[in-house]
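Letters A, B, ... are given to chains in the order of the sequence lines, protein chains preceding strands, and every chain is numbered from 1. For the numbers below, each heavy atom of this structure counts, side chains included, while hydrogens, waters and symmetry mates do not.
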Amino acid sequence: MQERRDPEDEILRALERASREAFPEVGAEIGRIFAADFSLGTPPPDRDGDYSSNIAFLLKKPVKRSPLEIAREIAARFEGPAVSEAVPPGFINLTLDDEARYAFLAGMDDPRWASRRAKQPSRVNIEFVSANPTGPLHVGHGRGAVIGDVLARLLANAGHDVTREYYLNDVGRQIELLGESLLYKVCEIRGDSRGRFRDEYRGGYIEELAREFLNSRPELFVEETDESLIEEAGRFAKERLFEKIKRTLERLDIRFDVVTSEESLRSGISELLERLDRAGLLYEADRPRNTEARIRREDSKAAVYGEEMSGGTFLETSRFGDDEDRIVKRADGTTTYFTADIVYHIGKFERGFDEVIDIWGADHGGHVKRMRAALEGLGYDTKRFHVILCQMVRLLRDGREVKMSKRSGEMITLDELIDETGKDPIRFYFLMRTPNAPCDFDITLAVKASTENPVFYCQYAHARTCQILARGKRDGLEPSREQRVLTLLADPLEKDLVRFLLRIPDGLAAAARRREVHRLPEIALELARRFHRYQTAGKKNSGLRVVDKERSDLSAARLFLVDRVRRGMKTLLALMGVEAPEQM
RNA sequence: GCGCCCGUAGCUCAGUGGAUAGAGCGUUGGUCUCCGGAACCAAAGGCCGCAGGUUCAAAUCCUGCCGGGCGCGCCA
């Protein structure tokens with residue numbers, strides 16, 4: 001195995017040296033620029049050069065000369081593993097020399113070839129899915145699940161220590177209602193029509209659970225009070241439903257390091273209330289202060305829940321940017337979801353995480369401000385708290401929307417979607433779009449085996465590399481990594497492929513820095529596109545064929561390149577959790 | 001009314017303050033004596049929602065407006 005080299009890092013250091021040498025009087029400024037996340041760019045495709053730098057523009061102000069002049073001064077003093085050239089209006093384009101180029105390609109043997117350590121590796125907690133155990137996962141949960149999982153992979157690739165966490169809301173009114181719904185169904189099955197229980201949850205899974213519950217408790221209803229029955233039924237249902245949720249996620253290759261249950265936080269709640277009280281952030285009232293004048297829409301969804309408003313203890317989140325104060329303890333002494341959630345988030349910081357990331361559905365958008373306010377009020381650094389909100393998923397079939405409504409029972413569960421398309425299209429499509437925007441998932445397209453289907457397109461590129469390498473082997477040709485041989489890779493299509501491979505580590509580092517997983521499919525698609533182009537060109541022009549016994553040196557070089565593309569694609573697919581098949 | 005998010009090619013969307021704004025689909029026209037054509041090439045198609053501002057440089061940052069999505073008591 002060859003030792004890995006990071007040509008970009010070498011070039012950046014050489015650029016810094018040359019800049020200091022050319023303009024020693026602004027050394028401090030230069031140091032600042034290079035210490036930040038300053039990185040190299042890519043020249044337009046029709047220009048020479050593997051990298052480009054805009055350093056001359058950034059130095060224009062302190063140096064007080066034209067960017068082009070500055071670029072020339074720096075380029076003239078540049079000493080590194082590349083040839084540098086200053087071009088108007090002031091870019092410095094750099095072409096890596098052969099030795100560094102092939103050292104990079106050989107370094108791809110190292111499984112960490114695409115991993116570039118973040119400047120400040122940190123302990124990161126990513127909480128995602130966290131669906132309530134009151135029913136099966138739906139398609140929207142799948143989006144958050146995939147984004148959270150791949151963000152974890154991406155940050156780990158950048159050297160961070162990542163914990164995947166699921167927050168289980170396993171107490172409270174909804175679990176009570178779940179228990180009642182189960183008992184309602186039990187009564188129905190038994191022909192008992194006394195109507196003692198509410199049927200909040202009605203899906204087919206409730207009936208299944210009710211039958212299981214009856215089987216395990218044939219003597220049901222003999223002695224118990226309704227209250228203890230509801231609790232037992234709730235516990236029974238939530239445990240089974242959470243198991244089911246975990247099985248669904250495992251089908252997508254998603255697992256968690258830690259599951260924290262709301263129940264386990266109970267002991268921390270009184271402590272939290274005392275702490276908030278000591279900080280002077282609590283008050284008792286019938287309604288939050290300063291909210292009378294606020295206008296609300298009557299058709300607001302949450303109004304449905306607003307039956308009782310008997311007052312209680314409020315937390316002054318409005319002092320820290322929230323729209324109004326939030327209740328943390330009801331008049332009857334019970335606490336709310338929000339109270340437990342504060343305990344939970346404080347706990348994450350107390351456990352030593354440097355950064356806390358939550359991946360929530362768009363319908364939780366209103367919670368961001370209050371959570372941030374609560375943390376700020378307690379003295380935590382809210383810059384270390386990030387929320388990624390996932391917008392809605394619209395399902396399409398044959399280009400038409402699949403309507404989903406709970407009432408009509410026309411829900412497609414995540415399990416059903418996996419049955420239909422398999423894991424890979426789901427993962428890939430949900431990654432393709434920024435979480436900030438709603439996305440469409442076209443079931444018809446997801447199972448198609450052609451260029452139109454991006455996941456197929458990438459997997460096919462990988463399979464194609466494997467088949468070509470196998471073909472070479474049958475003809476007695478093996479990849480070569482001798483620099484003498486590799487200089488034969490002179491066609492523009494080959495140079496373009498190499499140049500693209502060179503930029504992958506930086507692309508991944510940038511994606512990690514910005515916590516943006518949707519860049520991954522983009523990178524994979526571009527690599528696939530370049531490779532397919534190269535292969536089809538070889539069909540047209542036999543001079544570009546990879547496997548050619550008549551020209552064994554050239555073949556060996558090209559096979560090496562094909563093998564590097566294979567590794568590149570495999571790495572990208574692995575980061576996305578998508579399979580890399582050797583044949584389709 | 002308030003908050004968050006989104007307005008980029010006919011459609012779906014990329015775009016890290018940099019060079020002539022890019023892909024896929026769709027449209028039109030092409031490509032193989034087949035290393036997997038399950039692929040590729042070319043053409044057409046753009047007031048980057050509108051108006052200001054910051055900057056050497058704005059699709060990108062700031063402000064205001066217009067249009068769309070989601071949310072807006074103590075359900076989680």
Side-chain angles (χ1 to χ4, degrees), chain A residues 37 39 41 43-44 46-47 52 54 57 60-61 66-67 87-91 130 132 134 169 172-175 177 262 287-288 291 294-297 300-312 314 323-324 326-332 334 336-338 340-341 361-369 389 391-392 432-440 442 445 448-454 456-457 460-461 463-464 467-472 474-475 506-507 510-511 513-514 516 518-519 521-522 525-526 529 532-540 545-548 555 562 583-584:
Chain A
D37 282 319
S39 70
D46 53 329
R47 304 245 182 176
S52 76
N54 64 349
F57 295 99
K60 185 202 164 189
K61 199 166 270 178
S66 85
V87 296
F91 292 98
S130 297
N132 298 332
T134 52
N169 300 118
R173 183 167 306 181
Q174 46 154 2
I175 299 298
L177 284 169
E262 189 178 346
R287 54 178 58 238
T291 56
R294 291 179 196 280
I295 303 157
R296 287 209 167 74
R297 271 204 176 140
S300 152
K301 235 190 206 172
V304 175
Y305 301 104
E307 329 94 45
E308 62 218 83
M309 239 186 23
S310 46
F314 289 83
D323 301 322
E324 62 181 52
R326 307 289 167 177
I327 194 157
V328 289
K329 192 176 179 183
R330 300 184 187 100
D332 65 3
T334 58
T336 66
Y337 164 81
F338 179 48
D341 213 16
D363 53 342
H364 284 59
H367 294 261
V368 178
K369 276 188 179 178
L389 289 178
Q391 298 294 321
M392 315 209 65
M432 274 207 308
R433 285 188 172 81
T434 162
N436 292 328
C439 85
D440 291 343
D442 190 329
L445 182 56
K448 229 182 225 177
S450 78
T451 316
E452 294 167 74
N453 180 349
F456 172 85
Y457 188 73
Y460 172 47
R464 228 176 163 183
Q467 296 306 310
I468 290 162
L469 288 163
R471 170 62 191 261
R474 281 200 296 277
D475 286 359
D506 184 57
R513 219 182 299 126
R514 305 169 75 94
E516 290 180 344
H518 70 277
R519 290 168 196 281
E522 205 67 33
L525 278 165
E526 271 201 57
R529 193 172 300 128
H532 285 311
R533 182 178 298 154
Y534 178 49
Q535 287 310 296
T536 306
K539 285 185 178 297
K540 300 282 146 34
R545 290 173 54 95
V546 172
V547 178
D548 184 349
S555 261
V562 169
Q583 53 187 24
M584 303 299 287

By the 4.0 Å heavy-atom rule, please label [X] as base, sugar-phosphate, or nothing.
X      : value
A:M392 : sugar-phosphate
A:E262 : sugar-phosphate
A:K329 : nothing
A:F338 : nothing
A:R513 : nothing
A:V87  : base
A:P43  : base

Distance between [atom1] atoms of [N] and [M] (Å, rounded):
N     : M     : atom1 : result
B:G17 : B:A58 : C1'   : 7 Å
B:A14 : B:A23 : C1'   : 7 Å
B:A57 : B:G73 : P     : 46 Å
B:C61 : B:G1  : C1'   : 28 Å
B:C6  : B:C62 : P     : 11 Å
B:C48 : B:U60 : C1'   : 10 Å
B:A39 : B:G24 : P     : 12 Å
B:U27 : B:U8  : P     : 22 Å

Could you please name the partner base of [N], counting Watson-Crick and G-U wobble pairs only when both distances are under 3.5 Å?
N     : answer
B:C25 : B:G10
B:C48 : none
B:U60 : none
B:C34 : none
B:C4  : B:G69
B:C74 : none

[N] phosphate, OP1 or OP2: any side-chain N/O from [X] under 4.0 angstrom?
X      : N     : value
A:R533 : B:C41 : yes
A:Y337 : B:G73 : no
A:N54  : B:G18 : no
A:R545 : B:C35 : yes
A:H364 : B:C4  : no
A:R529 : B:C40 : no

- Taking syn as within 90° of 0 and anti otherwise, name the glycosidic form of B:G69.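 With its glycosidic angle more than 90° from zero, B:G69 counts as anti.
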
- Message: Please pick, from B:C75, B:G71, B:A39, the nucleotide with the shortest atom-to-atom distance to any side-chain atom of A:Y457.
- Response: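 That would be B:A39.
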
- Query: Does some side-chain heavy atom of A:E516 sit less than 4.5 Å from a side-chain heavy atom of A:T434?
  - Reply: no

- Item | A:I468 side chain near A:Q535 side chain, heavy-atom distance below 4.5 Å |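 Side chain of A:I468 against side chain of A:Q535, heavy atoms only: contact under 4.5 Å found.
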
- Under 5.5 Å and under 30°: A:F57 stacked on B:A57: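 Here A:F57 fails the 5.5 Å or the 30° condition.
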
Does the [N] base have a donor-acceptor partner in the side chain of [X] within less than 3.5 Å?
X      : N     : result
A:H518 : B:A14 : no
A:Q391 : B:C6  : no
A:T434 : B:A14 : no

Without decimals, in angstroms, what is the distance between [X] [atom1] and [N] [atom2]?
X      : N     : atom1 : atom2 : answer
A:R474 : B:C35 : CZ    : C1'   : 9 Å
A:L389 : B:G3  : CG    : P     : 16 Å
A:R173 : B:G73 : CZ    : P     : 15 Å
A:K369 : B:C2  : NZ    : P     : 12 Å
A:N436 : B:G71 : CG    : C1'   : 15 Å

- Task: On the 0 to 90° scale, with breaks at 30° and 60°, tag the A:H532-A:Y457 ring pair as parallel, tilted or perpendicular.
- Result: tilted

Rounded distance [0.5 Å steps], [atom1] in [X] versus [atom2] in [Y]:
X      : Y      : atom1 : atom2 : answer
A:Q467 : A:L469 : CD    : CG    : 9.5 Å
A:Q583 : A:R464 : CD    : CZ    : 15.0 Å
A:D341 : A:T336 : CG    : OG1   : 9.0 Å

- Side chains of A:N132 and A:Q174, donor plus acceptor under 3.5 Å: yes

